[in-house]
Chemist: 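First the structure, which I've put down as structure tokens, then a few questions once you've had a look.
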Amino acid sequence: MKNEISQLVQASLQKLRQDGILPAELPADIKIERTRDKQHGDFACNIAMMLAKPARCNPRELAQKIVANLPALDAVSKVEIAGAGFINFFLTSGSCQQVIGKIFSRKEAYGLSQKGKGKSVQVEFVSANPTGPLHVGHGRGAAYGASVADLLEAVGFDVHREYYVNDAGRQMDILAASVWLRYLELCGEEIVFPVNGYKGDYVWDIAATLHRENGDELRHSQESVFAGLPDDEPDGGDKETYIDALIARANELLGESQYRQVFELGLNTILGEIRRDLEEFGVVYQDWYSERSLTSAGAVDKVIERLKLSGHVYEKNGALWFSSTEFGDEKDRVIVRENGQTTYFASDIAYHADKLERGFDRVIDIWGADHHGYVPRVKAALKALGDDDSKLDVLLVQFAILYRDGKKAQMSTRSGEFVTLRELRNEVGNDAARFFYVMRKCEQHMDFDLDLAKSRSSENPVYYIQYAHARICSVFRQMKEKKIQRDSERGQASLGMLAESHEADLMMALVKYPEVVEKAAMNHEPHQLAHFLRELANLLHTYYNAHAFLVDDDNLRDARLNLIDATRQVLANGLKLLGVSAPEAM
RNA sequence: GCCCCGGUAGCUCAGCUGGAUAGAGCAAUCGCCUCCUAAGCGAUAGGUCGGACGUUCAAAUCGUCUCCGGGGCACCA
């Protein structure tokens with residue numbers, strides 16, 4: 001509808017140009033907006049005000065001329081000029097009715113479009129290190145990423161969802177060492193746990209599995225483990241140096257094969273839990289992309305070579321640096337450490353180069369906002385490699401702060417005590433969690449009210465929307481109980497009887513739905529859909545209270561049933577895009 | 001010090017690629033179930049859009065400065 005009106009205005013402007021009333025070369029970016037106030041009709045156009053100055057005439061007069069030259073359109077009942085020069089379009093009451101038939105024929109496909117047809121987009125999100133369970137911060141990225149991906153798919157993009165598994169770096173070695181030390185404690189050795197180790201309870205669990213499956217086979221005396229190591233932080237040493245030495249000692253004592261065994265057990269256990277968590281949360285991936293596979297395929301070495309050839313790397317203090325400042329970064333970055341190990345950044349360059357090599361039209365990374373400083377260096381690397389960094393969008397998700405009883409229920413990674421995603425899901429349920437996470441735009445620091453998310457009352461927007469869906473289903477159950485025969489075609493033929501303002505408002509909202517999906521998708525803003533669904537639910541509840549649906553008049557009843565059936569479909573479609581269920585009864 | 005995000009009703013937030021009288025929800029007050037789920041609806045009240053200056057016919061929206069809150073500035077990932 002927006003497009004059709006836009007074309008009317010376009011045609012009128014064209015006519016005015018031909019008649020010499022407007023300069024021929026006048027740029028006209030026609031914007032048709034939905035009005036906020038119904039008094040201003042259904043759509044408004046501000047073009048007259050935009051062109052008034054360049055055309056050197058009074059905006060209201062120009063609006064008059066534009067209106068006078070508008071071609072007719074059946075759906076438009078009235079065009080008015082208002083305010084400083086707005087052109088307001090009023091639609092005929094019948095113009096929205098056809099949406100119901102459209103929804104019936106498209107069903108769960110109503111709202112989908114072809115905007116992104118033929119274009120591929122890769123969406124990488126969560127990608128938490130498999131060194132511990134997902135916490136509530138990851139949950140926001142998961143819910144947001146999943147909805148963004150689903151929205152993009154809804155508007156026709158070929159979407160590839162990916163989780164980058166950091167199964168190679170030093171953090172994984174620290175995990176392996178932590179598991180082994182806990183295992184040694186289970187064996188009865190007395191261990192002073194390193195400051196930098198992973199202290200969460202899940203490490204004990206993995207260690208217990210290790211002990212159960214291997215008995216004392218991996219046991220070494222505490223003396224042999226700690227002999228000759230540098231001091232840990234509490235003793236005045238450096239915790240990083242200390243943990244590296246501890247990892248080296250573990251390798252030495254266990255040997256390659258046993259060390260791998262510990263390492264793999266840690267990785268596989270945690271990754272398995274992460275997969276299960278996300279799956280239960282309704283988050284699916286096409287690919288779990290392993291960092292190790294990147295390394296073993298030589299991709300990291302290859303990309304370092306490419307950077308060397310590009311002339312943007314240099315050696316300093318025994319390390320290899322990438323001069324990212326040449327491409328807008330604040331400082332140069334190390335890609336190969338003094339000890340010969342490549343940095344996480346080096347892997348990430350290889351990974352991003354690989355993404356582009358795979359030929360995606362768009363690449364989207366969804367990161368926690370604490371990584372924002374990382375964006376310029378990744379883009380710098382792509383530029384240095386001669387890749388098109390404009391294909392990459394990095395969406396930063398701000399933190400979520402949990403509140404319980406009006407007080408912060410915050411996590412502290414240090415002690416290993418944090419609220420996990422699983423705890424959150426168990427507490428408030430998947431639906432509430434998915435919806436709450438996505439209710440706020442991602443740049444917004446979010447206050448996640450646990451009590452509100454849990455409450456099964458009107459305060460809770462998730463239940464409010466789901467209730468609207470369930471209520472409609474309930475009406476149809478009532479209909480069957482009362483042995484009322486529904487005739488959908490008769491309803492379609494009687495849509496003209498839907499003359500109440502509640503009905504017009506509801507139909508208009510249904511018409512609007514595809515526009516909302518498209519806008520939410522293109523702007524990566526699922527919260528827009530969340531807000532829309534709340535409005536739609538509100539219109540339904542209002543209508544429900546104002547009018548009975550199961551009335552005696554067969555024609556009117558079937559028309560109304562068609563309207564609420566269509567509403568039910570749209571509620572279900574919208575909730576699905578947000579990963580929230582649409583229950584038939586509550 | 002530099003960079004990113006936020007500051008809109010008592011609370012949580014929309015609106016921000018400039019448009020008409022700044023909107024929701026919750027909380028508050030008052031109403032509505034012999035009737036399809038009251039997990040609902042209606043009404044009332046609530047605002048110097050953090051502040052200042054600027055650009056514009058028009059600024060919550062754009063620019064500069066400033067104040068407050070959160071985060072980031074590693075040979076960690």
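Order of the sequence lines fixes the chain letters, A, B, ..., with proteins taken first and strands second; residue numbering starts at 1 for each chain.
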Chemist: Checking base pairs now: Watson-Crick or wobble, both atom distances under 3.5 Å. What partners B:C73?
Modeler: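 Its partner is B:G1 (Watson-Crick or G-U wobble, both distances under 3.5 Å).
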Chemist: Would you say B:C76 has OP1 or OP2 under 4.0 Å from some side-chain N or O of A:R337?
Modeler: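 For B:C76, OP1 or OP2 has a side-chain N or O of A:R337 closer than 4.0 Å.
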Chemist: Has A:K331 got a side-chain N or O lying under 4.0 Å from the OP1 or OP2 atom of B:A74?
Modeler: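 Result: yes.
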Chemist: Send over the distance from A:E535 CD to B:G23 P, rounded to a whole Å.
Modeler: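 Going from CD in A:E535 over to P in B:G23 covers 13 Å.
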Chemist: Looking at B:A20, does its base get a donor-acceptor pair with the side chain of A:N88 below 3.5 Å?
Modeler: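 Side chain to base: pair found, below 3.5 Å.
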Chemist: In whole angstrom, give the distance that lies between atom NE2 of A:H372 and atom P of B:G71.
Modeler: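 Answer to the nearest Å: 13 Å.
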Chemist: Please indicate whether A:N339 has more than 12 foreign heavy atoms, meaning atoms of other residues, nucleotides or ligands, lying under 6.0 Å from its CG.
Modeler: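 Atom CG in A:N339 is crowded, with more than 12 foreign heavy atoms closer than 6.0 Å.
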Chemist: Going by 5.5 Å between centroids and 30° between planes, is there a stack of A:F86 over B:A20?
Modeler: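 The ring of A:F86 is stacked on B:A20.
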Chemist: Report yes if at least one side-chain N or O of A:Q398 is closer than 4.0 Å to OP1 or OP2 of B:G6; otherwise report no.
Modeler: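 It does not, given that no N or O in the side chain of A:Q398 lies less than 4.0 Å from OP1 or OP2 of B:G6.
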Chemist: Is the backbone N or O of A:S293 less than 3.5 Å from a side-chain atom of A:S290, with the two atoms forming a donor-acceptor pair by type?
Modeler: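 Confirmed, A:S290 side chain pairs with A:S293 backbone.
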Chemist: Where does B:C33 land, syn or anti, once you apply the within-90°-of-0 test for syn?
Modeler: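 Syn.
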Chemist: Please determine whether a side-chain nitrogen or oxygen atom of A:Y464 lies at a distance below 4.0 Å from atom OP1 or OP2 of B:C41.
Modeler: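 Affirmative; the distance criterion is met.
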Chemist: CD of A:E330 versus C1' of B:C2: gap in Å, rounded?
Modeler: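 So the two atoms are 7 Å apart, to the nearest Å.
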Chemist: Provide the distance between the two P atoms, one in B:U55 and one in B:U61, to the nearest whole Å.
Modeler: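 To the nearest whole Å, 15 Å.
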Chemist: Report the C-alpha distance between A:T342 and A:I335 in whole Å, list the side-chain angles of each, state the deciding distance to 0.1 Å, and finish with yes or no for side chain to side chain contact (heavy atoms under 4.5 Å, CB included).
Modeler: CA-CA 6 Å; A:T342 56; A:I335 50 178; over 6 Å; no
Chemist: For A:A52, which contact category applies under a 4.0 Å heavy-atom criterion: base, sugar-phosphate, or nothing?
Modeler: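 No contact at all - A:A52 keeps every heavy atom at 4.0 Å or more from the nucleic acid.
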Chemist: Across all strands, who's sitting opposite B:G18 as a Watson-Crick or G-U wobble pair, both distances under 3.5 Å?
Modeler: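 In the structure as shown, B:G18 has no Watson-Crick or wobble partner.
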Chemist: On a whole-Å scale, what distance lies between the P atoms belonging to B:U17 and B:G63?
Modeler: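 Going atom to atom, P in each nucleotide, I get 10 Å.
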Chemist: With rounding to whole Å, what would you report as the distance between B:A58 and B:A20 at their C1' atoms?
Modeler: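 These two C1' atoms come out 10 Å apart once rounded.
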Chemist: For A:R170 and B:C75, is the shortest distance between a side-chain N/O and OP1 or OP2 below 4.0 Å?
Modeler: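 No, A:R170 has no side-chain N/O under 4.0 Å of OP1/OP2 on B:C75.
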Chemist: Look at all strands and tell whether A:H547 reaches a base, only sugar-phosphate, or nothing, counting heavy atoms closer than 4.0 Å.
Modeler: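 Answer is base: heavy atoms of A:H547 come under 4.0 Å of a base.
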Chemist: Mind checking who B:C13 pairs with, Watson-Crick or G-U wobble, both distances under 3.5 Å?
Modeler: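 Base-paired to B:G23.
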Chemist: Take nucleotides 7-15 of chain B nucleotide by nucleotide from the 5' end and write B, S or -, depending on whether a protein heavy atom sits under 4.0 Å from the base, only from the sugar-phosphate, or from neither.
Modeler: -----SSSS
Chemist: Take atom NZ of A:K383 as the centre, draw a 6.0 Å sphere, and report whether it contains more than 12 heavy atoms from other residues, nucleotides or ligands.
Modeler: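 It does: A:K383 NZ has more than 12 such atoms within range.
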Chemist: When we call it a touch if two heavy atoms are under 4.0 Å apart, what does A:Y374 touch: a base, just sugar-phosphate, or nothing?
Modeler: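 If one applies the 4.0 Å heavy-atom cut-off, A:Y374 turns out to touch a base.
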Chemist: Mind checking who B:G6 pairs with, Watson-Crick or G-U wobble, both distances under 3.5 Å?
Modeler: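 B:C68 is the nucleotide pairing with B:G6.
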Chemist: Starting from C1' on B:A77, measure out to CD on A:Q171 and report it in whole angstrom.
Modeler: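 Roughly 5 Å, once rounded to whole Å.
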Chemist: When we call it a touch if two heavy atoms are under 4.0 Å apart, what does A:T542 touch: a base, just sugar-phosphate, or nothing?
Modeler: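 Sugar-phosphate: the residue A:T542, judged by heavy atoms under 4.0 Å, touches backbone atoms but no base.
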Chemist: Does B:C30 have a Watson-Crick or wobble mate here (both distances under 3.5 Å), and if so which one?
Modeler: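 Paired with B:C30, as far as the under-3.5 Å criterion goes, is B:G42.
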Chemist: Let's go through A:I465 and A:V462 carefully: what are the C-alpha distance in whole Å and the side-chain angles of both, what is the deciding distance for side chain to side chain contact (heavy atoms under 4.5 Å, CB included) to 0.1 Å, and is it a yes or a no?
Modeler: CA-CA 5 Å; A:I465 298 166; A:V462 188; over 6 Å; no
Chemist: Indicate, with a heavy-atom threshold strictly under 4.0 Å, whether A:A44 touches base, sugar-phosphate, or nothing.
Modeler: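 Base contact.
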Chemist: Could you tell me if the side chain of A:F476 sits less than 4.5 Å from the side chain of A:D565, heavy atoms only?
Modeler: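 In contact.
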Chemist: Say you pick atom C1' in B:A77 and the same atom in B:A9; how far apart are they, in whole Å?
Modeler: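 After rounding to an integer number of Å, I get 43 Å for this pair.
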Chemist: Regarding A:N317 and A:E338, do their side chains bring together a donor and an acceptor under 3.5 Å, going by distance alone?
Modeler: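 Result is no, nothing qualifies.
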Chemist: Is there a donor N/O on one and an acceptor N/O on the other, under 3.5 Å, for the side chain of A:D370 and the base of B:G72?
Modeler: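 By the distance-only test, no, there is no pair.
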Chemist: Without decimals, in angstroms, what is the distance between A:R471 CZ and B:C36 C1'?
Modeler: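 Rounded to whole Å, this separation is 9 Å.
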Chemist: With a 4.0 Å limit, can you tell me whether A:N538 has a side-chain N or O closer than that to the phosphate oxygens OP1/OP2 of B:C41?
Modeler: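 For B:C41, OP1 or OP2 has a side-chain N or O of A:N538 closer than 4.0 Å.
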Chemist: Return the nucleotide paired to B:G47: Watson-Crick means purine N1 to pyrimidine N3 with N6-O4 or O6-N4, wobble means G-U with N1-O2 and O6-N3, both under 3.5 Å.
Modeler: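 Pair assignment: B:G47 / none.
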Chemist: Does B:C36 pair with anything, Watson-Crick or G-U wobble, both distances under 3.5 Å, and if so, with which nucleotide?
Modeler: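 The answer is none; no pair meets the criterion.
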Chemist: Go through the steps to decide whether A:R170 and A:D173 satisfy the test salt bridge (charged side-chain N to carboxylate O under 4.0 Å, His left out), and finish with yes or no.
Modeler: CA-CA 5 Å; A:R170 184 165 160 266; A:D173 284 314; over 6 Å; no
Chemist: Report the base-pairing partner of B:U55 (Watson-Crick or G-U wobble, both distances below 3.5 angstrom), or none.
Modeler: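 Matched B:U55 with nothing under the 3.5 Å cut-off.
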